[in-house]
Amino acid sequence: MRTNNEDMILIGSELLRNDVYKTSFTTKADNRLLLAIADGMGGHNCGEVASEDSLTNLRFFFDDLPLNMTEGDLRQAMDNWLKSMCLAVEAKGKEDPIYRGMGTTLVAFLYYGGQYYWVNCGDSRLYRLHQGELTQLTTDHSLSNVLGLKTHSSQIVNCIGGGSTESYIDMANITGEVESGDTFMLCSDGLTDMVADEDVQALLEKKADADMLCEAADKAGGYDNVSVITIRVD
């Protein structure tokens with residue numbers, strides 16, 4: 001229902017918004033792949049700028065990582081990137097009031113050094129469908145989760161920019177959880193706020209692609225921008 005799309009998708013080197021894109025990737029130890037979704041902060045100025053800037057910056061950062069970094073070094077590098085990105089978003093807001101207060105979430109799926117990782121900052125999500133069971137791998141950085149409330153809150157307490165003073169990244173190595181036949185799904189909350197997890201699972205089990213999942217959110221009301229990446233492991 002929104003006229004302005006503040007989401008942004010990154011598939012390797014491709015930045016996407018309001019588009020459909022399909023590709024394949026062969027996992028070799030010296031290859032690397034970055035898949036990410038950034039959801040510009042609703043209610044803030046220029047969320048679409050924050051999401052695009054963040055994924056553009058992350059793309060170059062990831063491509064420039066040296067070979068053979070340890071897992072600990074990679075985690076430290078991601079922490080350093082987040083700090084620099086938050087400073088960049090804040091600086092842009094100081095330079096031009098139109099950008100003041102803008103922010104974005106980030107969820108990403110990485111293949112680096114023969115290992116698989118996920119990264120999360122905010123309430124965009126990563127799911128895994130494995131042998132008929134759908135599991136959310138990321139944790140929402142929302143007010144309800146922080147306070148331990150059972151009711152869902154759309155207010156997030158951690159993001160890139162958006163006035164967050166102590167942003168942080170969750171990161172996990174999931175190499176042992178990537179198996180042939182699995183499906184992984186990254187999405188902005190425009191999907192999960194409109195389509196229940198059991199319905200998402202049913203669609204994924206029917207081999208629904210990202211576009212079909214977005215259509216399901218639209219048919220359910222489409223109150224927010226919706227972006228989805230599906231990853232099928234062969």
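Since we're looking at a predicted model, the values are computed, not measured.
- Between Asn173 atom CG and Glu71 atom CD the span is 4.5 Å, to the nearest 0.5 Å.
- Taking Lys22 as the reference, Asp209 meet the salt bridge (Lys or Arg N to Asp or Glu O under 4.0 Å) condition, with sequence neighbours excluded.
- Looking at residues two or more places apart in sequence or on another chain, you find no salt bridge (Lys or Arg N to Asp or Glu O under 4.0 Å) involving Glu177.
- Under the 3.5 Å distance criterion, the side-chain polar atoms of Arg32 are left unmatched by any main-chain donor or acceptor of Leu110.
- Using a 4.5 Å heavy-atom threshold, the side chains of Met41 and Ile156 count as touching.
- Asp63 is linked by a side-chain hydrogen bond (donor to acceptor under 3.5 Å, both in side chains) to nothing, counting only residues two or more places apart in sequence or in another chain.
- The pair Arg125-Asp189 does not count as a salt bridge, with every side-chain nitrogen at least 4.0 angstrom from each carboxylate oxygen.
- The closest donor-acceptor contact from the side chain of Asp79 to the backbone of Tyr168 lies at 3.5 Å or more, if one exists at all.
- You'll find the side chain of Asn120 stays beyond 4.5 Å of the side chain of Ile169, heavy atoms only.
- Considering only residues two or more places apart in sequence or on other chains, Asn4 meets the side-chain hydrogen bond (donor to acceptor under 3.5 Å, both in side chains) condition with Glu48.
- Shown here are the side-chain hydrogen bond (donor to acceptor under 3.5 Å, both in side chains) partners of Glu52, two or more places apart in sequence or in another chain: there are none.
- Using a distance-only test at 3.5 Å, with no hydrogens or angles considered, no donor-acceptor pair links the side chain of His141 to the main chain of Asn158.
- Judged by distance alone, with hydrogens and angles left aside, the side-chain atoms of Ser167 form a donor-acceptor pair with the main-chain N or O of Cys159 at under 3.5 Å.
- The salt bridge (Lys or Arg N to Asp or Glu O under 4.0 Å) check on Arg59 picks up nothing, with sequence neighbours excluded.
- Listed by chain and number, the residues in a side-chain hydrogen bond (donor to acceptor under 3.5 Å, both in side chains) with Thr56 amount to none (sequence neighbours excluded).
- Leu55 pairs by the side-chain contact (heavy atoms from CB on, under 4.5 Å) definition with Met8, Leu10, Leu15, Ala36, Ala38, Leu58, Leu106, not counting sequence neighbours.
- Legend: residues meeting side-chain contact (heavy atoms from CB on, under 4.5 Å) with Glu133, ordered by chain and number and at least two apart, are Thr135.
- With a 4.5 Å cut-off on side-chain heavy atoms, Tyr117 and Met78 do not count as touching.
- By the 4.5 Å side-chain criterion applied to Ile, Leu, Val, Met, Phe, Trp and Tyr, Phe184 is assigned to a cluster that also includes Ile9, Ile11, Leu16, Tyr21, Phe25, Leu33, Leu35, Ile37, Val107, Phe109, Tyr111, Tyr116, Trp118, Leu126, Leu137, Ile174, Val178, Leu186, Ile229, Ile231, Val233.
- Remark: Asp197 pairs with no residue by the salt bridge (Lys or Arg N to Asp or Glu O under 4.0 Å) rule, at least two apart or across chains.
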Under the criterion side chain to side chain donor-acceptor pair (under 3.5 Å), I'd like the reasoning laid out for Ser51 against Glu6: C-alpha separation, chi angles, the key distance, then a yes or no. CA-CA 7 Å; Ser51 60; Glu6 296 182 318; over 6 Å; no

Side chain to side chain donor-acceptor pair (under 3.5 Å) between Asp73 and Thr70, intermediate numbers included: CA-CA 5 Å; Asp73 289 340; Thr70 66; 3.2 Å; yes

Run the numbers on Leu74 and Leu65 for side chain to side chain contact (heavy atoms under 4.5 Å, CB included), then give the verdict. CA-CA 9 Å; Leu74 181 60; Leu65 286 175; 3.6 Å; yes

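- Residue Glu166 qualifies as open at atom CD: its count of foreign heavy atoms under 6.0 Å is 12 or below.
- When the side-chain contact (heavy atoms from CB on, under 4.5 Å) test is applied to Lys28, the partners found at least two apart in sequence or on another chain are Thr26, Asp30, Asn31.
- A distance-only check finds a donor-acceptor pair linking the side chain of Ser188 to the backbone of Ser227 [under 3.5 Å].
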Chi angles and distances behind the side chain to side chain donor-acceptor pair (under 3.5 Å) call for Arg128, Thr183: CA-CA 6 Å; Arg128 178 198 187 200; Thr183 298; over 6 Å; no

